[in-house]
Colleague: 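Pasting a structure here, questions to come.
In each ligand, atom 1 is the first atom listed, and ligand 1 is the first ligand listed. All heavy atoms count here, side chains included; hydrogens, waters and symmetry mates do not.
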Amino acid sequence: MPYGSQGRLHRLTGPCSAWIADHAGWGYSNAGLIVGGSSSLLVDTLFDLRLTGAMLAAMAPAVRDGPLRTVVNTHANGDHYFGNQLVPDAEIIASGSAAAHMVQDDVESLRADLRAPGPHGDHLRHVFGGFDFDGITVTPPTRTFDGELTLDLGGVEVRCLTAGPAHTEGDVIVHVPAARTVYVGDLLFSGGTPVAWAGPLSGWIAACDRILALGADTVVPGHGPVTGPHALRETRAYLTLVEEAATAGFHAGRSQQETVAALRLGRFGAWSEPGRLVQNVAAVYRHLDPTLPHLPHAELMMRMGDYEAAFRPETHVPEGVPHRCAG
Ligand SMILES: [Zn+2]
């Protein structure tokens, strides 16, 4: 993906807009803008300073009369908060568990991984080589909450709700009831495969139910195009499929690799990044046996890449991996 890929500001209903990245792959994240009567709120910054700066410049006309005074980070993955330093005057809000994971070491370990020799480094350079992580000083939240936090942007009510652990430990959604709009961060990859860094998948399924119960018509995902509640129902169906198959595999004594190889994705095989199945199965296994170790991030990314290199969407069977019945 060429670095020039950025995004565009889409006006939604009422005070709500969404910054939608031109590309939905790893690290190319969306953001949200809610313009109130007295001030505006930004949902998430982007993965590096150039992308975040370009987004803020595009938003400048919209916030001329209601300056950007609040940022809500939906979670602690760098593609949703590494740009925080470019909004230095804003109050930055996140869940307590997300804030605990926003550390400078996130940037430094990613930069070190990108310099690593060998296939792990090559794979990461292929995935993240289009971003520029120079100059990033992690700027953590100035206010944290757990549960619910209601804000008033000069007559526009904004509700922040914690919904994790699911995608990460501290997922937050931002709901604007009057506009029937909800910004859900990476609890939804529109057109892409979910990835459960934290899990359990049952927690994510419950989060989908909570979001659906809000009755919003417009759902802004962390990645991919703006969508509606049907996309959350599809994510819920994928997570249920994986949880049931991985739980059965675990109890049958199959290895994670065997369970991944046996799992038929059906219509979900058409989503981008199908290799995230590797992490999702691992999340189920670790929930069932918390003593199982975490794979190093670079190794995990490589295994996902290997799965995708062998993936045949027409059959959903990775090449060279023998078929096994998941039941
Ligand atoms: Zn993301």
Colleague: Could you tell me which N, O or S atom of Asp186 is nearest to the Zn ion (ligand 1)?
Modeller: OD2

Colleague: As a test of reading the structure, name the N/O/S atom of Asp79 that is nearest the Zn ion (ligand 1).
Modeller: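 Restricting Asp79 to its N, O and S atoms, the minimum distance to the Zn ion (ligand 1) goes to OD2.
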
Colleague: Tell me whether His80 has at least one N, O or S atom under 2.8 Å from the Zn ion (ligand 1).
Modeller: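 Here the distance criterion (N, O or S atom, under 2.8 Å) is met by His80, so yes.
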
Colleague: Measure centre to centre between the rings of Phe131 and Phe82, then say whether the value is under 6.0 Å.
Modeller: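 No, the ring of Phe131 stays outside the 6.0 Å limit from the ring of Phe82, centre to centre.
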
Colleague: Flag yes if more than 12 heavy atoms outside Asp65 fall under 6.0 Å of its CG atom; otherwise flag no.
Modeller: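 Atom CG in Asp65 is not packed in, count stays at 12 or less.
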
Colleague: Taking C-beta and beyond as the side chain, do Leu187 and Cys208 meet within less than 4.5 Å on heavy atoms?
Modeller: no

Colleague: Taking the six-membered ring for Trp and the full ring for Phe, Tyr or His, determine whether the centres of Trp271 and Phe189 are under 6.0 Å apart.
Modeller: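 So the answer is no for these two rings.
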
